Amino acid sequence: MKCRHQLTSLISLSLISSYLVPLSAVVAAPPRNADKTVNCDILVVGGGLSGVATAYEGLLAGKKVCLTEITDWLGGQISSQGTSALDERPTQRRLQFYSRGYLELRNRIQKKYGKLNPGECWVSDSCFLPRDAHEITRQMLKDAEKRGRGKLEWFPNTVVKDLEISPAGKNAHTTGQLINSAIAIQHQPAKGAPPLNTFPLSQTIEDAYRYQNSSRFTKTIIRLVPKQTKGNAPKWYVVDASETGEIVGLADVPYRLGIDGRSFLEPSASSTSNNPYCTQGFTYTFAMEATAEPIPQKMPPFYLQYSPYFSYELQRLADFGLVFTYRRIWSPTAGEPKRFGGINFTAPTPGDISMQNWTWGNDYRPGTAKDNLIYTRQQLQATGQLKPGGWLGGLRTETLGKAEEHALSYYYWLVAGTTDSQLGSGVKRQQTNNRFLSGLNSPMGTVHGLSKYPYMREGRRIIGRPSWGQPGGFTIWEIDISRRNYNDQYYRQTLPPAMYRQLKAALAGLEATSVISGQIPPEKVMQRTRSTIFPDAVGIGHYAIDFHPCMVNSPPEAPGNKEYPGERRGAGQAYPFQIALRAMIPQKIDNLIVGGKSIATSHIAAAAYRVHSFEWSAGAAAGTVAAFALKNNVAPYQLVDDLPKAEPQLQALKRLLEQNNNPTAFPDTSIFNENWEDWR
C-alpha cells in the first residue's frame, strides 16, 4: 500500500508573516490513531449543491453515504457561500426541465416562503436567505434517507486530510489505482474558545487541517473505509464535490487550472499558452439591511488599500437601488416601482436585505503567481504540500485574508464611498441608510458577517482519460457549447491558417474531411447550431459563458489595474449542453468520480458549467453512477472505454437516470434538430 497525503499552505489573516510554513512543522503522520472508523458505500467530499445532489441520489439508491463539509452548512453556493440567487435560463426555467432533486429544492423554497422569490430580486426568479437553504437541503437528505432506505453519515466542520491509495495493478478488475481509505479531521470549539464561525476562514483553515488540538479547536480523527468487502470491482467510490477540486489535488491526478492556450478547440482563449494563475474571481458575499434612518459607518483600517478598485462598472448600472435589489434576498414590504438603465425593480424599503456579489465590488480577482488562490501542482510541491501529512486544503491563505478585507471594504464603499474606478467622479453618492449584518443569527451565520466560505467560480479541472478523438485526455471545450459565429474577422486574422481550418473542420460535422482537404473553403462552413451531443451524457446544464476575469497585476486592487486582456472574448450565449460521463472520470484512480465544477471542461466552457442547476445535475449523475457501479460490479471507466462502439451497460445507466427523472438530454436533442433559437 502507498499513502498519498498532501496539503496546501493556508495562512491566518493575522499571521501573514508566517505565510510559508517551514517543512519541519509539517506533520508526517497522525499523532494518534483514528478516534473512530466509519464505513461507507460512497464518500462525498464537499457539501455544496453537487455534494448534496450526490448524497441525495446515493441515499435514494439505498447506499450508505458519508458526506464531509468544511463548514457547518449544507448547500454550498446557496448557503455557506451566500449566493442564494438561483442562476437559471428562461426556457429551462419555464419548462421546469431540471433534475428531480433540483425541482424538489425549488419547490421547498417556494413552500418555505409562500413564494419562490421572497427577496423580489431582479437577477433571478428566486432569491432567499442562506440560512434557510441549509435547513432545506438538510431536510431533503433526511427525507431521501427514509425514502430510499439508505444511511447518511454527515460530518460538518470536517476536512479530508489524507488518502491511502493502492498502486495500480493490485486489483485484477481495474487498471488504475484505488483509494482504499481516507483520513478526515472534524473540529469543534475547544473548551473556553469562541463558537464556530467567529473568525473568518483565513484565520481558521490551516488549523482545521492540522491533526493536533489547538487553542481554538478540539479535533476528532475519523478513518473512512469501504463498507462493501466482496466483489472484484471497487468496493466504494469517492466523489470530489469540493469547490476547488481538493481531492483532485490531494490524489494528484492530472488537472488544469486557469487559461487554456489558444487552439482550434478553444479559439477564443485570451492567451497562446496556458496560464494556470488566471482563474475566475472568487467572492466573499455579505448581507446588508436597508434602514429608515442613517447609520454611522466606520471606515475599515485597510479601506484605502482597496478603494481604488470599486465601481458600479457601467453607466447603465450606476444606481444604488439597482445594485441593492440585484440580489435582494428578503423584502417584507414592496417598494415603489423603479426603472434604471432599462431594468425594472422595486425601490429598497427599511427591512429589506441584500446579498452583495458584484464584479467590481467584492469579487477578488488575483491572476499572478504571487497571489493566485488555488495552488498549482508546482506550488503545492514547492510548499511541501504533496509530502505525506502536508495537505492544508490547496489554497493560498494570504489571498483568502485579502479577499475578506476587500469584501468588508466594498461594503464601506457602497454606503460611504464617493469614488468610482471605472466611471470617474460625480457618479457615486453616499447611502448611509444601511447596516452591515453580522452575528451567528445573521443571514450568513457568522460573527464577522462574511460568508463562511467564498463563492468559487472555478477550481481545478480534471483532464479525462484518453478517448476517441481526444488522445490527450477528454475535455469539453468552448466549441462544444458556444453559439459564437467563428466566421468573425477576429478568428480569421488571429488564428494561424492551419488552426482556423481545423476549427472550421471541427464545426463542419460530416464535411470535416472536405474542409481539411481544401475541397470546401473554411469560410463556407456554416455556424454551429447546437451543442455537441455526447453518447455518454449523464446530465444537463444551460447558462451563458460568463466571465469574472482575473486582473493583470498584483495586487488585484492596485490603482489602475486592468482585467486580463481578451478574457471576455469567449463570453456569450451557449446552447443547452450535456455532461459527459468521460468528463467525470479522472485519470489514474478508478474509484474516484468528479462532480461539480471540477469536471473536465476547458477554462471557457467552465464559465458556463458552474451554476446551480448544473452543479445539481452533475451531483445527481455522480451519485447514480456510484450506486450503479457498486450494484453491477463495474468501474465507471468500463462504461465508456469502448466508445464509440455500443456500450450496453452505459445505456442501462442512462435509462436509469431518465427513469429517475434526471435528464441526460434536452427535449428534441438529436443530430437532426438544429433549431435551438428558443433556448436562450
Side-chain angles (χ1 to χ4, degrees), residues 47-53 56 73-140 241 243 283 285 287 325-331 343 345 353-359 443-444 451 453-457 539-546 548 574 576-577 579 595-597 607-620 662-663 666 679-680:
L49 283 177
S50 192
V52 170
Y56 179 86
W73 277 2
L74 292 171
Q77 285 195 51
I78 60 173
S79 60
S80 60
Q81 297 172 46
T83 48
S84 49
L86 300 179
D87 288 322
E88 299 172 342
R89 302 308 292 165
T91 308
Q92 188 178 13
R93 181 171 58 224
R94 176 171 54 82
L95 296 179
Q96 297 285 281
F97 199 74
Y98 298 111
S99 304
R100 61 176 175 180
Y102 187 78
L103 282 173
E104 182 181 339
L105 171 67
R106 294 176 97 258
N107 291 337
R108 286 181 182 242
I109 292 169
Q110 181 152 1
K111 183 177 180 181
K112 168 72 178 179
Y113 299 106
K115 54 184 177 180
L116 195 56
N117 192 1
E120 297 297 332
C121 66
W122 56 267
V123 70
S124 171
D125 270 15
S126 183
C127 292
F128 46 92
L129 296 168
R131 175 180 295 279
D132 292 338
H134 162 66
E135 295 299 334
I136 288 170
T137 51
R138 180 78 177 102
Q139 191 58 53
M140 284 182 65
E243 301 302 323
T283 309
T285 60
T325 58
Y326 182 50
R327 285 187 170 89
R328 182 172 50 190
I329 57 178
W330 180 249
S331 182
I343 298 171
F345 60 97
I353 297 175
S354 171
M355 174 266 292
Q356 286 297 313
N357 175 16
W358 193 254
T359 305
M444 298 298 167
S451 54
Y453 196 90
Y455 168 43
M456 299 300 306
R457 294 181 178 87
I540 59 170
H542 190 206
Y543 201 69
I545 301 171
D546 181 25
H548 294 237
F577 46 77
I579 304 166
K597 294 181 283 285
Y609 280 80
R610 65 174 175 82
V611 295
H612 304 80
S613 64
F614 151 75
E615 278 212 47
W616 193 284
S617 188
N662 289 315
F666 283 87
W679 287 84
R680 292 289 183 178

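If you're wondering where the values come from, they're calculated on a predicted model, not measured in any experiment.
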* Asked: So which heavy atom on Gly82 is nearest to which on Thr285, and how close?
  -> CA-OG1, 3.3 Å

* To do: Look at the side chain of Ser79 and the backbone N and O of Leu74, then say whether any donor-acceptor pair between them is shorter than 3.5 Å.
  => yes

* Asked: Where do Arg610 and Asp546 land on the side chain to side chain contact (heavy atoms under 4.5 Å, CB included) test, with the steps shown first?
  -> CA-CA 9 Å; Arg610 65 174 175 82; Asp546 181 25; 2.9 Å; yes

* Asked: Going by an N to O cut-off under 4.0 Å, is there a salt bridge joining Lys115 and Glu120?
  -> yes

* Passing candidate, side chain to side chain contact (heavy atoms under 4.5 Å, CB included) with Tyr98, options Glu104, Gln92, His542, His612 -> Gln92

* Excluding sequence neighbours, so at least two apart, what forms side-chain contact (heavy atoms from CB on, under 4.5 Å) with Ala53? -> Trp616

* Kindly determine whether Tyr113 and Asp132 satisfy side chain to side chain donor-acceptor pair (under 3.5 Å), including the steps that lead there. => CA-CA 10 Å; Tyr113 299 106; Asp132 292 338; 2.5 Å; yes

* Asked: At their closest point, which heavy atom of Asn662 faces which heavy atom of Ser99, and how far apart are they?
  -> OD1-CB, 3.4 Å

* Could you pull out the closest heavy-atom pair between Pro663 and Ser617, with the gap in Å? => O-OG, 4.5 Å

* **Heavy-atom pair with the smallest gap, counting every atom of Gly596 and Ala618** => N-CB, 3.8 Å

* Under 3.5 Å: donor-acceptor pair, side chain of Ser124, backbone of Leu86 -> yes

* Asked: Side-chain contact, heavy-atom cut-off 4.5 Å: Leu49 with Leu105?
  -> yes

* Structure fact -> Applying side-chain contact (heavy atoms from CB on, under 4.5 Å) to Arg680 and not counting sequence neighbours gives Arg483, Gln573, Glu677

* Asked: Do the ring centers of Phe128 and Trp330 come within less than 6.0 Å of each other?
  -> no

* Asked: So, the side chain of Ser50 versus the backbone of Gly595: is there a donor-acceptor pair under 3.5 Å, distance only?
  -> no

* Quick one: do Arg106 and Glu88 make a salt bridge, cutoff under 4.0 Å? -> yes

* To do: Taking the six-membered ring for Trp and the full ring for Phe, Tyr or His, determine whether the centres of Phe577 and Tyr609 are under 6.0 Å apart.
  => yes

* Compute both the distance and the angle, then confirm whether Arg89 meets the cation-pi test with Tyr543: under 6.0 Å from the six-membered ring centre, within 45 degrees of the axis. => yes

* Asked: For Gln139, which residues count as a side-chain contact (heavy atoms from CB on, under 4.5 Å) partner, sequence neighbours excluded?
  -> Arg108, Lys142, Asp143

* Side-chain heavy atoms of Thr325 within contact of Ser354, under 4.5 Å -> no

